[in-house]
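Below: the structure, in structure tokens.
In this chain, residues are counted from 1 in sequence order. All values below were derived from every heavy atom in this structure, side-chain atoms included, with hydrogens, water molecules and symmetry-related copies excluded.
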Amino acid sequence: MTTTTNLSLFQTLLLVLACQCCAEVAAVFDHVKVAANPINGIVSTTSQQHRPPAPPLPLGIGTLANSHGRVAINSTKAAVDLKGNGNGNAVFDVKKYGAKANGKSDDAQAFMTTWIAACRNTTGPAKFLIPKGTFLVGPVVFAGPCQSRPITIEIQGTVKATTDISEYSSPDWISIEGITGLILTGSGVFDGQGASAWPYNDCKTNNNCQILPNSIKFTRLNHSIVDGLTSINSKGFHTSVFRCYNFTATNMNIIAPGNSPNTDGMHLSTSKLVTISSSTIGTGDDCVSIGHSCEKITVTNVTCGPGHGISIGSLGRYKTEKSVLDVLVQNCTIFNATNGARIKTWADTISGSAVGIIFDNIVMRKVKNPIIIDQTYGTKKKKASKWKISNVLFKNIRGTSTTNVAVLLECSELFPCEGVELRDINLSYGGASLKNTTIVSSCLNAKIRTFGVQNPPACVV
């Protein structure tokens, strides 16, 4: 970056964006215009087998494309941080726009008014500030595009969701959408107050159940950073990432009781180049769920538990779904969970593929299904999944299983799993039974190869 030392940090940011990713940004905007084909312009149609995603990249200016062609322009935060230290960053405080912060009055309108002012700011980067205090807020939408770029949402206080679910005409409490260069940060808390709504979730017995609102949904964001998010007791998903490109989430703290229904920590779909790192997630569902139409996803240094583990899927339920390509889950700990490293697909008529999935260096502590491929997920009738799973690596997975089947690879009869590798698997029994402490592997329609330690003994194929 020596050639730009005479430029302002914000000018440097714009130069980096212009020089490094004009073509990719143009492709994303082209995709937004083509609503009939939501994945067009985001997910490529080819995949390089067993080539892992790039590791998490530093949050500083000047990040270049790496050898895998993965560009991260998450240099926005450094520019905003320095700009915000008394050097002209415009601050828009919700209390100055009418927010009461008494925990009783609905401050949603004040939040929206503040956002409009911050988003339209033309003097440079802007900060939407939620100061200390308790804010009761109903459904809000923070929509772009914004003239302020980058734009920061900083939360210092506690934002509580209203509890009357009849107010939520859309499936989200806070929707953040259509922005390039967003930063969400701060030491405050988003409290979904989900306990009041969880009794209304009957999705286990009712196919037409009411979907409870997600706490925060990120939609159509490019080059964004979520740093330090704390979310507790969401009604539905804590966070959802949809149609985003180059999205980094780090230092998150996401909490809900283990019996809270469908409270996924972070759910991804139709997104490319997403990094989730250095976070603690404990919920009543998947800590991280990587849904359809995702490519180049990295999950590292995540502590997960309780919950349903770190999952690819579920896949194969809707006609609009596209394949999942190149996922790396690495250096994570999963405890007191029903699943560990999981891939799940519906046994239905929808076809697709999951290719290039790596689970590496994962510690399991009292996990019911430490390693699992489940291609009959959500299926009561005997059907065969049309989703193809291939080139999957489980490496250096160790710890304890609370059931006797520590490795379960249940693949499709129509499309058997191919290229599944087990390298250095070392799991022991850690359940409550004292009579049967033997652990085994179970495989169906899986073509596997094994290397190194295999405990339990691998399936004979």
Side-chain angles (χ1 to χ4, degrees), residues 204-205 256-263 281-289 302-314 329 332-345 347 359-382 385 389 392-413 416-417 420-461:
K204 288 186 177 181
T205 58
N259 61 353
S260 57
N262 298 113
T263 52
I281 304 174
T283 71
D285 212 302
D286 294 330
C287 294
V288 178
S289 55
V302 169
T303 299
C304 165
H308 295 180
I310 299 176
S311 299
I312 314 297
S314 57
V329 180
C332 296
T333 297
I334 302 174
F335 67 95
N336 294 343
T338 57
N339 303 285
R342 176 165 66 156
I343 304 173
K344 50 179 176 173
T345 75
F359 291 95
D360 176 29
N361 194 32
I362 313 295
V363 175
M364 308 286 181
R365 295 175 181 167
K366 295 186 176 181
V367 176
K368 184 177 180 180
N369 301 298
I371 296 174
I372 178 171
I373 296 178
D374 179 5
Q375 293 210 255
T376 60
Y377 178 77
T379 305
K380 295 181 180 179
K381 297 180 180 180
K382 290 186 178 181
S385 175
I389 296 174
V392 179
L393 172 62
F394 297 101
K395 178 183 177 184
N396 195 18
I397 312 295
R398 61 200 187 276
T400 57
S401 170
T402 59
T403 62
N404 298 106
V405 181
V407 177
L408 177 61
L409 307 178
E410 192 171 70
C411 298
S412 170
E413 182 180 2
C417 298
V420 178
E421 294 186 7
L422 299 169
R423 293 177 177 264
D424 296 319
I425 308 301
N426 192 4
L427 297 165
S428 59
Y429 181 75
S433 174
L434 299 177
K435 295 181 179 180
N436 184 6
T437 60
T438 301
I439 60 169
V440 298
S441 299
S442 176
C443 303
L444 180 66
N445 304 314
K447 300 178 181 179
I448 69 171
R449 295 191 300 169
T450 62
F451 302 87
V453 175
Q454 294 297 317
N455 187 29
C459 300
V460 178
V461 181

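- Remark: the backbone N or O of K366 is not paired with any side-chain donor or acceptor of T402 at under 3.5 angstrom.
- Proximity of P456 to L427: side-chain heavy atoms (C-beta onward) are separated by under 4.5 Å at one or more points.
- L422 and I425 get closest at one heavy-atom pair: CB-CG1, 4.0 Å.
- Residues F335 and V363 fail the side-chain proximity criterion, which asks for heavy atoms closer than 4.5 Å.
- Minimum heavy-atom separation, F394 to V392: CE1-CG1, 3.7 Å.
- Nearest approach of S412 to Q375, heavy atoms of both residues: N-OE1, 3.0 Å.
- Looking at heavy atoms from C-beta onward, T283 lies out of side-chain contact with H308 at the 4.5 angstrom threshold.
- To the nearest 0.5 Å, atoms OG (S441) and CD1 (I439) are separated by 7.5 Å.
- Between the side chain of S311 and the main chain of G313, no donor-acceptor pair closer than 3.5 Å is present.
- Between Y377 and R342 the shortest heavy-atom distance is CE1-NH1, 4.0 Å.
- Separating the CD atom in E410 from the SG atom in C417 is a distance of 10.0 Å, to the nearest 0.5 Å.
- Atom CZ of R365 is surrounded by 12 or fewer heavy atoms from other residues, nucleotides or ligands within 6.0 Å.
- A donor and an acceptor atom, one from each side chain of D424 and N396, are nowhere located under 3.5 Å apart.
- In this structure, I397 and F359 approach most closely via the heavy-atom pair CD1-O, 3.7 Å.
- Using a 4.5 Å cut-off on side-chain heavy atoms (C-beta onward), C459 and I448 make contact.
- For the two cysteine residues C304 and C332, the thiol sulfurs sit 2.5 Å or further apart.
- Residue T263 comes nearest to A256 through the heavy atom pair OG1-CB, 4.1 Å, listed as atom of the first residue, atom of the second, then distance.
- Put simply, CD1 on I312 and NZ on K344 are 10.5 Å apart, with the number rounded to the nearest 0.5 Å.
- Interatomic distance, L408 CG to T403 OG1, rounded to the nearest 0.5 Å: 8.5 Å.
- For S289 (side chain) and D286 (main-chain N/O), no donor-acceptor pair under 3.5 Å exists by modelled atom type.
- The only option from D374, I389, I373, T376 that meets the side chain to side chain contact (heavy atoms under 4.5 Å, CB included) definition with T345 turns out to be I389.
- Between the CD atom in E421 and the CG atom in L393 there is a gap of 5.5 Å [rounded to 0.5 Å].
- L409 contributes atom CG, which lies 9.0 Å from atom CD1 of I372 (distance to the nearest 0.5 angstrom).
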